[in-house]
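Okay, structure first, notes after.
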Amino acid sequence: MSVDRSRLFPVKTNVILDTLVERVHDLVEERLLTEPPDEILPVLDSREQLVVATKYPAVDRGLRRAGYFTRVIEAEIFEPAQSVADWIPELLEERFSKTSDWSDAIVSVCTEIAKVEPLDKPDVDDEHAWSWRVPGPGGHVRHFLARRSIGSHLQRDPEQGPVDDPAELKRPWIYGFFVRACEEALPAEALSVPEG
């Protein structure tokens, strides 16, 4: 899969950080006062094949939600982000055919992506830079949003103790981001909350 470079334009990092990233981050912080839909919580909070940060459960949980809500906000404020990534439905169908469970399919896809997404600013040509393959502001903006969110969560939860490598905390953020990207691609009846 490749990125259509004709739709990219150069930007100055400081402009991105001072405007776009801060604005989206502020909107995500507001949204973090709420919970994602009940039907997606088991997927978002899945501990199967845990990505990283088991020593820091509050930070891990918060970053998953921050990544999830970042994708929600993107779709609300960026017209290109309102499109589903065209490769996700096929990948989910493939996983679903093996598990017969949409939740398991999403967990599998998102865990796999979170484990390989570059921790540094991703190059648009990097085959592991899945954050470039979702319609919206692109992999660099998402990288800076993840880093901004990591800083906020570590400040908010200092009792979690020092983190050996804060860059590793990008993984739960990416996991949550792709949970939402996958949720966008699901058939309407795929996830439901059992009654009672």
Side-chain angles (χ1 to χ4, degrees), residues 1-11 13 16-17 20-21 23-25 27-28 31 36 40 43-44 46 49 51-52 63-99 102-150 167-188 190-191:
M1 285 177 242
S2 64
V3 174
D4 180 2
R5 288 181 164 276
S6 68
R7 299 186 64 173
L8 301 177
F9 56 93
V11 294
T13 300
I16 292 174
L17 289 174
L20 181 59
V21 170
R23 176 67 181 135
V24 174
H25 176 73
L27 292 170
V28 169
R31 201 62 61 92
I40 203 64
V43 174
L44 196 58
S46 174
Q49 309 171 53
V51 181
V52 75
L63 288 171
R64 288 173 185 231
R65 281 161 171 70
Y68 178 90
F69 282 128
T70 296
R71 181 60 190 160
V72 171
I73 297 294
E74 282 186 3
E76 291 175 1
I77 65 175
F78 301 118
E79 186 177 340
Q82 294 167 10
S83 299
V84 172
D86 58 7
W87 53 271
I88 291 179
E90 182 178 344
L91 187 54
L92 286 174
E93 289 280 355
E94 174 190 307
R95 301 293 168 93
F96 178 76
S97 70
K98 295 175 183 174
T99 66
W102 287 111
S103 294
D104 289 347
I106 296 171
V107 169
S108 171
V109 167
C110 296
T111 299
E112 186 176 299
I113 289 171
K115 285 182 175 179
V116 299
E117 176 77 21
L119 296 179
D120 293 326
K121 188 169 73 169
D123 185 84
V124 70
D125 294 321
D126 185 334
E127 68 181 46
H128 298 299
W130 294 90
S131 58
W132 276 109
R133 299 179 193 167
V134 177
H140 288 169
V141 171
R142 292 165 179 150
H143 171 76
F144 291 124
L145 281 163
R147 290 184 58 114
R148 181 70 176 88
S149 188
I150 290 165
E168 280 285 318
L169 295 174
K170 183 178 177 183
R171 300 215 186 280
W173 189 96
I174 287 289
Y175 178 89
F177 179 88
F178 278 96
V179 165
R180 177 58 187 164
C182 287
E183 185 183 25
E184 295 170 346
L186 288 175
L191 297 178

**Message:** With side-chain contact (heavy atoms from CB on, under 4.5 Å) as the criterion, how do E184 and Q82 come out once you've worked through the C-alpha distance, each side chain's angles and the decisive distance to 0.1 Å?
**Reply:** CA-CA 9 Å; E184 295 170 346; Q82 294 167 10; over 6 Å; no
Any [X] side-chain heavy atom under 4.5 Å of [Y] side chain:
X	Y	result
I106	F178	no
F78	V24	yes
R133	E127	yes
R142	E74	yes
R23	L20	no
F177	I113	no
L145	V28	no
W130	V116	yes

**Prompt:** When you measure from the side chain of R180 to the backbone N and O of V72, does any donor-acceptor pair fall under 3.5 Å?
**Reply:** no
**Prompt:** Is a side-chain N or O of S108 found less than 3.5 angstrom from the main chain of A105, in a donor-acceptor match?
**Reply:** no
**Message:** Using the salt bridge (charged side-chain N to carboxylate O under 4.0 Å, His left out) criterion, which residues pair with R95? Sequence neighbours excluded.
**Reply:** E112
**Request:** With sequence neighbours excluded, tell me which residues meet salt bridge (charged side-chain N to carboxylate O under 4.0 Å, His left out) with E93.
**Result:** none
To check you understand the geometry: which heavy-atom pair defines the closest contact between [X] and [Y], and what is its length?
X	Y	answer
A81	G136	CB-CA, 3.8 Å
P172	E168	CD-O, 3.8 Å
F69	P36	CZ-N, 3.6 Å
S149	L63	OG-CD2, 3.5 Å
P122	A129	CB-CB, 3.6 Å
L119	A167	CD2-O, 3.3 Å

**Item:** Full working for side-chain contact (heavy atoms from CB on, under 4.5 Å) between R71 and E183
**Value:** CA-CA 10 Å; R71 181 60 190 160; E183 185 183 25; over 6 Å; no
**Item:** Evaluation steps, side-chain contact (heavy atoms from CB on, under 4.5 Å), between W132 and D126
**Value:** CA-CA 9 Å; W132 276 109; D126 185 334; over 6 Å; no
Nearest 0.5 Å, please: how far is [atom2] in [Y] from [atom1] in [X]?
X	Y	atom1	atom2	answer
R171	T111	CZ	OG1	11.5 Å
I73	Y68	CD1	OH	11.0 Å
L186	I88	CG	CD1	9.5 Å
T99	E94	OG1	CD	11.0 Å

**Message:** Using the side chain to side chain donor-acceptor pair (under 3.5 Å) definition, which of the options E117, K170, K121 pairs with H143?
**Reply:** K170
